[in-house]
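Structure first, commentary second.
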Amino acid sequence: MAERNTSPAGVLSDLRAVDGALYAAVAATPTPALDSALRRLSRAADHSKISLTVAAGLALVPGRPRQAAVAGVAAVALASVAANLFGKQMVHRRRPDRERARVIVARQVPMPESASFPSGHTASATAFATAVGVVLPVAAVPLGALAVAVGYSRVHTGVHYPGDVAAGAVLGFAAAVAALTVVHVPLRLAGR
């Protein structure tokens, strides 16, 4: 009977193995009907363009939609700073090797030069969806689905491991909670 390695290093090694296997499984699964759409979605999410466009539309409507836009943009800003200036600088995880995993060229987007962990696209999309969804509940499901799709698109296009996306989602949720505390709660208490 093999001895189990339950040390933190052993658990981390096992998690990396699962992460790599999930990445390889996505790369090996033929999805020609999805490839182009997910590639376009991944590119559209660069620099939070989708979230900022939605926020601009919401900001045109007074009341809760405008408050949701403010909370959403604040959450995106916090998530982006946390992911790109802190997370990626602290962890320095290398990007996946798309050639070795045989990620289909038709799926690929340009490989970012930054570190892989955490996914900034996912962090920002999750932060926006969470913050806006709390202030404007009718938007929670569609924006949440969009955030999930953005996160998956980053694995599908070969630029992130699933673990990077999961970490980005957790970071995005935390950024939304912080933004809501700073932006939305004072607005509600002020009666706006």
Keeping the roles fixed (side chain from T29, backbone from A25), state whether a donor-acceptor pair exists under 3.5 Å. yes

Could you list the donor-acceptor pairs under 3.5 angstrom formed by side chains in residues 109-117, with sequence neighbours left out?
| residue | atom | partner | partner atom | Å |
| --- | --- | --- | --- | --- |
| S114 | OG | R95 | NH2 | 2.9 |
| S116 | OG | H160 | ND1 | 3.4 |
| S116 | OG | D164 | OD2 | 2.3 |

So how far is it from S119 OG to L171 CG, rounded to the nearest 0.5 Å? 10.0 Å

Which pairs with one or both residues in residues 128-143 pass salt bridge (charged side-chain N to carboxylate O under 4.0 Å, His left out), sequence neighbours excluded? none

Common cluster, V26/Y23, ILVMFWY with side-chain heavy-atom separation under 4.5 Å: yes

Is there a side-chain contact between H121 and V159 in this structure, where contact means two heavy atoms from C-beta onward sitting under 4.5 Å apart? no

Of all the heavy-atom pairs spanning V150 and A45, show the shortest one and how long it is. CG1-CB, 3.8 Å

N/O donor to acceptor pairs below 3.5 angstrom from side-chain atoms of residues 123-142, sequence neighbours left out:
| residue | atom | partner | partner atom | Å |
| --- | --- | --- | --- | --- |
| S124 | OG | G120 | O | 3.2 |
| T126 | OG1 | T122 | O | 2.8 |
| T130 | OG1 | T126 | O | 2.8 |

Taking all non-hydrogen atoms of both residues into account, name the closest pair between P32 and P30 and its distance. CD-C, 3.5 Å

Taken to the nearest 0.5 Å, the spacing of S80 OG from L85 CG works out to 7.0 Å

Check the hydrophobic clustering (I, L, V, M, F, W, Y; side-chain heavy atoms under 4.5 Å; chains of links allowed) and say if V165 and Y161 are grouped together. yes

For a quick test of reading the model, state the closest non-hydrogen atom pair linking A69 to A59 and the distance between them. CB-N, 3.8 Å

Treating Ile, Leu, Val, Met, Phe, Trp and Tyr as nodes and any side-chain heavy-atom pair under 4.5 angstrom as an edge, say whether V103 and L41 lie in one connected cluster. yes

Set of salt bridge (Lys or Arg N to Asp or Glu O under 4.0 Å) partners for D46, sequence neighbours left out: R43

Nearest 0.5 angstrom please: N84 CG to Q89 CD, how far? 8.5 Å

For F173, I'd like to know if atom CZ has over 12 heavy atoms of other residues, nucleotides or ligands within 6.0 Å. no

side-chain hydrogen bond (donor to acceptor under 3.5 Å, both in side chains) filter on S42, not counting sequence neighbours, yields R154

Over all atoms of both residues, closest heavy-atom pair of A175 and A75: CB-O, 3.8 Å

In terms of heavy-atom contacts, L22 and P162 come closest through CB-CG, 3.7 Å

Establish whether V70 and I50 are linked, either directly or via other cluster members, by ILVMFWY side-chain heavy-atom contacts under 4.5 Å. no

Considering only residues two or more places apart or on different chains, which pairs with a residue in residues 33-42 satisfy salt bridge (charged side-chain N to carboxylate O under 4.0 Å, His left out)? D35-R107

